[in-house]
**Q** 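Supplied in C-alpha cells, the structure appears directly below.
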2 protein chains.
Amino acid sequence: MTEEPTITTIAQRAGVSIASVSRVLNGLPTRADTERRVLDAARELGYAPNSAARSLKSRRSNQVGFAIADIGNPAYLAMIREIQPLIKAAGYRLVLHSTDTDTADEIEVLRGLGERYIDGLIMVPLRMTPEHLEMFAAARAPIVVIGGAPDGTPVDNVRTDSRTGVRLAVEHLHAIGRRRIGFVNGPTDTVPGAARSAAYAEALAALGLPHDPRLAEVGDFYRADGARATARLLRRAPDVDALLCANDLIAAGALDVLRAAGRRVPEDVAVAGMDDTDLATLTWPALTSVSLGSAERGRVAAELLLDRLRGGEGPPRVVTVRPHLVVRASTAGEEAR
Amino acid sequence: MTEEPTITTIAQRAGVSIASVSRVLNGLPTRADTERRVLDAARELGYAPNSAARSLKSRRSNQVGFAIADIGNPAYLAMIREIQPLIKAAGYRLVLHSTDTDTADEIEVLRGLGERYIDGLIMVPLRMTPEHLEMFAAARAPIVVIGGAPDGTPVDNVRTDSRTGVRLAVEHLHAIGRRRIGFVNGPTDTVPGAARSAAYAEALAALGLPHDPRLAEVGDFYRADGARATARLLRRAPDVDALLCANDLIAAGALDVLRAAGRRVPEDVAVAGMDDTDLATLTWPALTSVSLGSAERGRVAAELLLDRLRGGEGPPRVVTVRPHLVVRASTAGEEAR
DNA sequence: TTGTACGCGTTATCAA
DNA sequence: TTGATAACGCGTACAA
C-alpha cells in the first residue's frame, strides 16, 4: 500500500504475466478467470496507471494548453468556461499558462510544445512578433490562435472583426446624437489595441467626424488604467460627450472617473465598452458593450483543436466571429434597462 | 527537422554517446570540446527534452493541480491569480480542474493523483464526503484543502473563519439600526453553506434577535439564483430591512431584484455580500462585503504545497485566515463612497 | 489465451 | 572524461 503499485505488482499478486495485466486493463479479450484475478488485484492495490509511462509509450500527453496574458480578464474567463468542459469531455486535461503580457513568456510556452507535455495549444497572443510566426511554423503540435493572426500564419485562427465592432459602437453613439466621441484604448502595440485604434479613426471618417487627437487616449487594459486615461482625456477635451472604451474593464474605470467628476452617464457622457463581459451588467448604469463573441471564440477554438487532435487534416482554417452591439443604459437612458 | 530529436539524435550528430549528451544537458562536468559539440547539435536540431521520459525516470511531473467547482466564481479566480505565479516561479505547471459542483468529479480528480500526472494538488471542495476523507488519507501526493476540513483530516488546510465573518456582517447591520436581517444562502449541504447558515443563526441569537425562518432563503451560489431567492424572501418577509448574502454573486442578484422592486439600497434594505470580490466595487451602490481573504488563502495554499514539494515534513497544518468587513455604500449610504 | 522480450527517451551507475 | 547499460512503467509484437 505504501509502494506505488504497477502492473508488475498486480501481475505478481494475480499470478499472471504483466502482458495479461495490460491486456485486461485495456479491455482486450482475456479468459474470464484471468480477468477476474487481475481486476481484483488491481482494485485491492488501488492501482492507477502511471501517466508518464503511458505518455512515453503512446506519445500522447492527453493534455491541452491554454495560454493567455491574464486570467483576471473576464473576456479570457469567458473563453476558459467554454474550453474547459469541451477539452475535458474529450479526455484531455487543461494546462493553464498565464503569460503576464510578457512576450518572452509566450515564446517560452511555444518552445514548451517540443517537450511534448501538451498535445495541442490554444493561445491568445497579445502581440505578434516574427518569433511567434517562426515558432508557429516550426511547431510539432497543433496550435489554435485566438485573435488576429497575419494571413498565411500556419495555424488555425479564430478571430473577431473588431473593426466592425468598433464601427457599430461609434455609429450607435453618433446615432444617439453624440459628436465628440472619445476613445480610451489599450496599448497600441498589441494586436487588439492596434486594430481598435485604426478602426476608431476609420469609423469617425466614415461618419464625416473630424479626428481630434485630443479625443483618443491610451492606457493599459485594466480598470485603474482606464480611469487614469479617462481623467487625462477629460482634462484635454472637456467637451467629450461619448466614450468608447477598448474593453469593459477600461469602461468601468471610465465610469468611476465620470461619476467622481460629476458627469452624468449617459446624459452628459455616453459610455460604451467592448467584450460584453459579466461586468457589463454589474455596473450602474449597465454598460453598452460590443460583444466580440469571447465565449464563442473559445468554443470554436476548442473544437478546431480537438478536430486536429482527432487527426483532422487540411490547411489552416480561419473562423471569424461576428461582433454585435449590446445596448444598455450607459448609452440609452433608463428605458433601455 | 520533421522527426522529433532525442538525445540519441544529438549523440549521433555530435559523435558522442547518449550519456555524454545527458551529462552536458544537465550541466555535469564535461570536456569543453564535447560540451560544445553537444550544445551545437542540440541547438541545430531544436532539441527539447521529452517530459514524459523525464517524468518516468525522475518520478516527478512538475505539475500541480488546482481543483475548483467553477472557474466563473470570482472568489476562486482571486485564488488562481495568487497560485499561478507562485507555482510557475517554482518550476511547476498548473493543471486546472473544474469539477462543476459535482462531487463525483472531485473524487475523480483525487483518484487521478495515483496516475502521478501531478506532484501535488490544491483543492477547494464544495462538499466533504467520507469518500473525500478516504482519498485524502490514501493520497500519495501532498494535498492542500482550501475551506473547512474536519479536524484530523490528514492534509494541510487553509480555512477562513466564516463564523466570525458572518458575525461581523450581522453586527454591522444591527449597528446601523437594522432589526429584520435576512440571509440569502447557497445550498446548505455544502461546506460554506452549512457553516454560514449556522453562523447566521448564532449571530442573531447573540444580538438577541429572534430567528425568523421567513428571513432565511436558500438558492445556489450564482447571481440568478440569488435573485430568485431574494424575490421569494421579499414576498415572505416584506418588512426585511437588511440582507446578508452568502457571496457577492448572490448579492448582485439581490441588488437586481431590490432595484426592480423599487426598494432603495441601503435606505430601505441594506445589502452585504461575502468574499469581497471584484464585483463589490462594480455594483451600484458598491457592495459592503465580508472579505474571507480569498487571495491570501490561495497564496498560503500555494506556499504550503510548495513546502511539501520541497520535502517539508511534519503533521498536517491548519492555517486560518481572518475575515474582515469592508464597508461600502450598500450598507452605509453615500458618505461611505 | 498467455508469456517473453523489446522499445518509448531519460537519468544514473559502473567500468574503462 | 567517457561509453555501455540498466532501469523507470507501460503497450505490444511475437512465440508458445
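Please read these numbers as outputs of a predicted model, since none were measured by experiment. Reminder, nothing fancy here: chain letters follow the sequence lines and each chain counts from 1.
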**Q** Using the test side-chain contact (heavy atoms from CB on, under 4.5 Å), find all partners of A:Ala53 that sit at least two apart in sequence or belong to another chain.
**A** A:Asn50, B:Leu56

**Q** Tell me, please, the opening and closing nucleotides of DNA chain C, 5' to 3', among those with an atom under 4.0 angstrom from a non-hydrogen atom of chain A.
**A** C:dT1 to C:dG9

**Q** Rounding to 10°, can you tell me the angle the first-five-pair axis of the helix from C:dT1-D:dA16 to C:dA16-D:dT1 makes with its last-five-pair axis?
**A** 50°

**Q** Kindly state each residue pair satisfying salt bridge (Lys or Arg N to Asp or Glu O under 4.0 Å) with at least one member in residues 19-31 of chain B, sequence neighbours excluded.
**A** B:Arg31-B:Asp33

**Q** Pairs in or reaching into residues 73-86 of chain A: which pass side-chain hydrogen bond (donor to acceptor under 3.5 Å, both in side chains), with residues at least two apart or in two chains?
**A** A:Arg81-A:Asp278

**Q** Restricting to side-chain contact (heavy atoms from CB on, under 4.5 Å), what partner residues turn up for B:Val191, sequence neighbours left out?
**A** B:Met128

**Q** Among all residues two or more places apart in sequence or in another chain, which pass the salt bridge (Lys or Arg N to Asp or Glu O under 4.0 Å) test with B:Arg43?
**A** B:Asp40

**Q** Classify every nucleotide of nucleotides 8-16 of chain D by which part a protein heavy atom approaches to under 4.0 Å, writing B for the base, S for the sugar-phosphate alone and - for neither, in 5'-to-3' order.
**A** BBBBB----

**Q** Starting at CG of B:Leu96, measure out to NE2 of A:His97 and round the result to the nearest 0.5 Å.
**A** 11.5 Å

**Q** I'd like to check the salt bridge (Lys or Arg N to Asp or Glu O under 4.0 Å) partners of A:Asp307; sequence neighbours left out, ordered by chain and number.
**A** A:Arg317

**Q** Applying side-chain contact (heavy atoms from CB on, under 4.5 Å), name anything that partners A:Ala48, two or more places apart in sequence or on another chain.
**A** B:Glu115

**Q** May I have all residue pairs that pass salt bridge (Lys or Arg N to Asp or Glu O under 4.0 Å) and include part of residues 101-112 of chain A, sequence neighbours excluded?
**A** A:Asp105-B:Lys88, A:Glu108-A:Arg111

**Q** Applying salt bridge (Lys or Arg N to Asp or Glu O under 4.0 Å), which residue pairs with at least one partner in residues 52-69 of chain A are found, sequence neighbours left out?
**A** none

